[in-house]
Amino acid sequence: MLNRYRGENPYRGFESLPLRSFPPHADTLPRMTQNGPRLRFAPSPTGYLHVGGARTALFNWLYARKTGGTFILRIEDTDQARSTEAHTQVILDGLSWLGVTWDEGPYFQGAEGARHRADAMRLLESGRAYRCFCTREELEAQRQSAPAGGDGFRYDRRCHRLDAETVARRVAAGDRFAVRFLMPDEEIAWDDAVHGRISFHGKDLDDLVILRSDGTPIYNLAVVSDDIAMRITHVVRGDDHISNTPKQIALYRALGAPIPVFGHVPMILGPDGKKLSKRHGATAVGDYRDKGILPAAMRNFLALLGWAPGEDREILAEADLIALFSLEAIQKKPAVFDFTKLEWMNGQYLSALPAEALEPEVRRDLDRLGVPAPDRPIGPLIDAVKSRARTVLQIAERVAVRLDPGRAVLEPKGEALIRKMGPAYRTSLGLAVQALEALPATAWDPTAIYEAIKGQAEASGVKLGDAMQPIRVALTGDTVSEPVNELLAVVGRSTALEHLARARDRQD
RNA sequence: GGCCCCAUCGUCUAACGGUUAGGACACCACUCUUUCAAGGUGGUAACACGGGUUCGAUUCCCGUUGGGGCUACCA
């Protein structure tokens, strides 16, 4: 990469480059979005969409929808090593799944190098930036010799003090240089939409490099250059960018561009209070899709993580989220991602959906679990397990067990029950089989099954629960299921009897 | 080290100087159910600490402590 520019002035010709506007040009924008706020979500294509990023995108989207603004997607693919089309696609898929749709883009930052360089050159010409001939090695040496062992090191502007002749001579000689921004000695403050006023002072900030000696832009320049070109009015992004903001505001000022509204959203933490990362388990929105979380539930949950509508409401439809949303109501402190609550919320959405709506998803999972049932209507099975499940995947797993009780895994509670009942467990199953066998296939329905088991329980003097629970455990491995008579009906006579008999005869 | 941000139940949060500090998840109990849940009802549980300001502070100000971010020719 560096070799490419060796021995030549990487900036030759850039001075005369016109400022390009980001596509699409203003007059190609959709009419409805001509005016109003313009917001963007600008992820790096790292191969997955982190829930924190998803929430940031959601907040941007909610605000744009609420205000009739425009939501723009920009892929920050300047890290060529990590960026691939496949990675970008994962992010687009994740956002689409969540229902966070963009009005413009995706644009690619990597394609805008010429404008980034042109902006840097403008700064150079106006004296707001200067050429720095220091090499990495020299910088490192300066850092080492700094007082606090390089801790509070700030560039000493030695290259800014170079006289014009020296600079001209070195440029002519083809010396490589980076472009450094001359940080003004002034207060830099803004009214953050979520934090209120935040203030820095230029004297505490370094003269940051904005263009590398190979002519590629540094992040802070690229972002500002892009946001100006895209006419972004509201920058809503992660908390970790607070300390980048004064640098960027200084760049806006130097470039003579209007400064957008900034809103800094806190990050999301894992259960241990540390920043949510892969070691906490699922952190990508794709993971939640795979677990069987519904997009509407995920959206609702994410919106409520760090934001509250101000009423005691938890389940909010998309329209309510949009109507109630405001940047000011976003929490200032980070929030812990509570998967249990997400599951609860998903369960709420699940129970509101009819079986037919869930069927395609459940069938997909059934295929994945290796229990395809293309010829069987699974609606009744879904209805049987739906109210007790919290994810689509759980529904599919339970449907699979009802299709084939052989794949039931014995849960600790089921095991405990078997142990507690002792020999009575198998005796009870035996009696159940006897009673049920007497039922003809034509009478295999919940009511008849219930009567059969009840009659058998009364005849042998056991409580109904003690007659039911062994059947439940034998068929599902668990102590929780739909009512046992319904379970038997849904599993079907021959399959149910076969597995009950097998459980009764099992030696262990 | 320097600069900056943050702080209400275990968790997500409400409160915008005066409340028995409210709701939700989780947990516990009860209730429905001659079987499991779901549901319903109730309960346990919080203003980090210290100074101010004020008639009155969870709320405003300062400090302490504790978290976190940035401090690269990373993004």
Side-chain angles (χ1 to χ4, degrees), chain A residues 2 42-44 46 76-79 82 109 132 134-136 139-140 143 146-154 176-180 192 194-195 198-201 203-206 208-220 222-223 238-247 264 266-267 269 271 273-275 301 304-315 329 331-345 347 351 385-389 413 450 453-454 457-458 463-473 476 478-487:
Chain A
L2 289 175
S44 300
T46 51
E76 309 221 317
D77 59 342
T78 49
D79 187 345
R82 284 190 300 170
Q109 185 166 67
C132 179
C134 296
T135 63
R136 283 173 193 268
L139 254 14
E140 188 48 40
R143 205 178 317 263
D151 243 1
F153 173 74
R154 232 171 304 138
R176 297 165 52 80
F177 59 85
V179 176
R180 249 181 219 281
D192 196 275
V194 347
H195 289 269
I198 298 179
S199 169
F200 286 78
H201 198 98
K203 69 173 167 11
D204 296 321
L205 272 22
D206 208 353
L208 63 151
V209 168
I210 53 177
L211 208 59
R212 295 186 187 87
S213 47
D214 68 358
T216 58
I218 287 296
Y219 172 74
N220 279 306
V223 168
D239 232 349
D240 47 336
H241 285 288
I242 286 182
S243 41
N244 279 325
T245 305
K247 303 172 193 173
H264 288 95
M267 47 189 41
L269 272 23
K274 302 285 184 193
K275 183 176 176 175
F301 176 75
L304 257 39
L305 202 56
W307 172 77
E311 311 168 26
D312 289 335
R313 292 221 275 158
E314 301 283 337
I315 305 295
Q331 201 74 16
K332 292 202 262 293
K333 68 161 183 177
V336 173
F337 191 95
D338 183 359
F339 181 67
T340 306
K341 185 160 183 178
L342 204 211
E343 277 200 325
W344 164 79
M345 188 168 280
S351 55
V385 301
K386 191 162 75 84
S387 72
R388 266 157 292 263
K413 285 210 175 152
Y450 176 78
I453 297 174
K454 186 181 163 196
E458 278 170 357
K463 286 192 292 185
L464 190 57
D466 289 339
M468 294 287 197
Q469 207 60 329
I471 299 174
R472 177 173 280 129
V473 171
T476 69
D478 203 352
T479 57
V480 176
S481 84
E482 64 273 39
V484 169
N485 53 325
E486 289 173 27
L487 170 68

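Hydrogens, waters and symmetry mates play no part in the numbers below; they use all other heavy atoms, side chains included. Naming: A, B, ... by sequence-line order, numbering from 1 per chain.
Of the side-chain N and O atoms in H241(A), none sit less than 4.0 angstrom from OP1 or OP2 of G69(B). Look at R143(A) and you'll find a side-chain N or O under 4.0 angstrom from OP1 or OP2 of A72(B). One finds a side-chain N or O of Q331(A) lying less than 4.0 angstrom from the OP1 or OP2 phosphate oxygen of A14(B). Between R136(A) and the phosphate of A72(B), there is no side-chain N or O to OP1/OP2 separation shorter than 4.0 Å. At least one side-chain nitrogen or oxygen of K274(A) sits closer than 4.0 Å to the OP1 or OP2 atom of G68(B).
Between G10(B) and C28(B), the distance separating the two C1' atoms is 14 Å to the nearest Å. Separating the P atom of C61(B) from that of C5(B) is a span of 12 Å, rounded to the nearest Å.
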Considering only nitrogen or oxygen atoms on both sides, find all protein atoms under 3.5 Å from nucleotides 22-31 of chain B and state each distance.
unit_1	atom_1	unit_2	atom_2	d
G22(B)	N2	D312(A)	OD1	3.3
G23(B)	O4'	D312(A)	OD2	3.3
G23(B)	N2	E314(A)	OE2	3.2
A24(B)	O4'	E314(A)	OE2	3.3
A24(B)	N3	K341(A)	NZ	3.2
A26(B)	OP1	R390(A)	NH1	3.1
A26(B)	OP1	R390(A)	NH2	2.6

Do any N or O atoms of the protein come closer than 3.5 Å to N or O atoms of nucleotides 59-62 of chain B, and which pairs are they?
none

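Atom CG of N220(A) and atom C1' of C73(B) are 13 Å apart (whole Å). Put simply, CG on D239(A) is 17 Å from P on G67(B), counting in whole angstrom units.
Under the rule for a side chain to side chain contact (heavy atoms under 4.5 Å, CB included), D312(A) has no partner lying at least two apart in sequence or in another chain. Applying the salt bridge (Lys or Arg N to Asp or Glu O under 4.0 Å) rule to R313(A) yields the partners E311(A), D320(A); only residues at least two apart in sequence or on another chain are considered. Looking at residues two or more places apart in sequence or on another chain, you find a salt bridge (Lys or Arg N to Asp or Glu O under 4.0 Å) between E314(A) and K341(A). For K275(A), the side chain to side chain contact (heavy atoms under 4.5 Å, CB included) criterion is met by M267(A), not counting sequence neighbours. Legend: residues meeting ring-ring contact (aromatic ring centres under 6.0 Å, His included) with F301(A), ordered by chain and number and at least two apart, are F337(A). Under the rule for a side chain to side chain contact (heavy atoms under 4.5 Å, CB included), the partners of E458(A) that lie at least two apart in sequence or sit in another chain are K454(A). With sequence neighbours left out, Q331(A) forms a side chain to side chain contact (heavy atoms under 4.5 Å, CB included) with K333(A).
Contacts of R154(A) with the nucleic acid, taken as non-hydrogen atoms under 4.0 Å apart, are absent. Using a 4.0 Å heavy-atom distance criterion, K203(A) is classed as making no nucleic acid contact.
No hydrogens or angles were tested; on distance alone, nothing pairs the side chain of K463(A) with the base of U34(B) as donor and acceptor under 3.5 Å.
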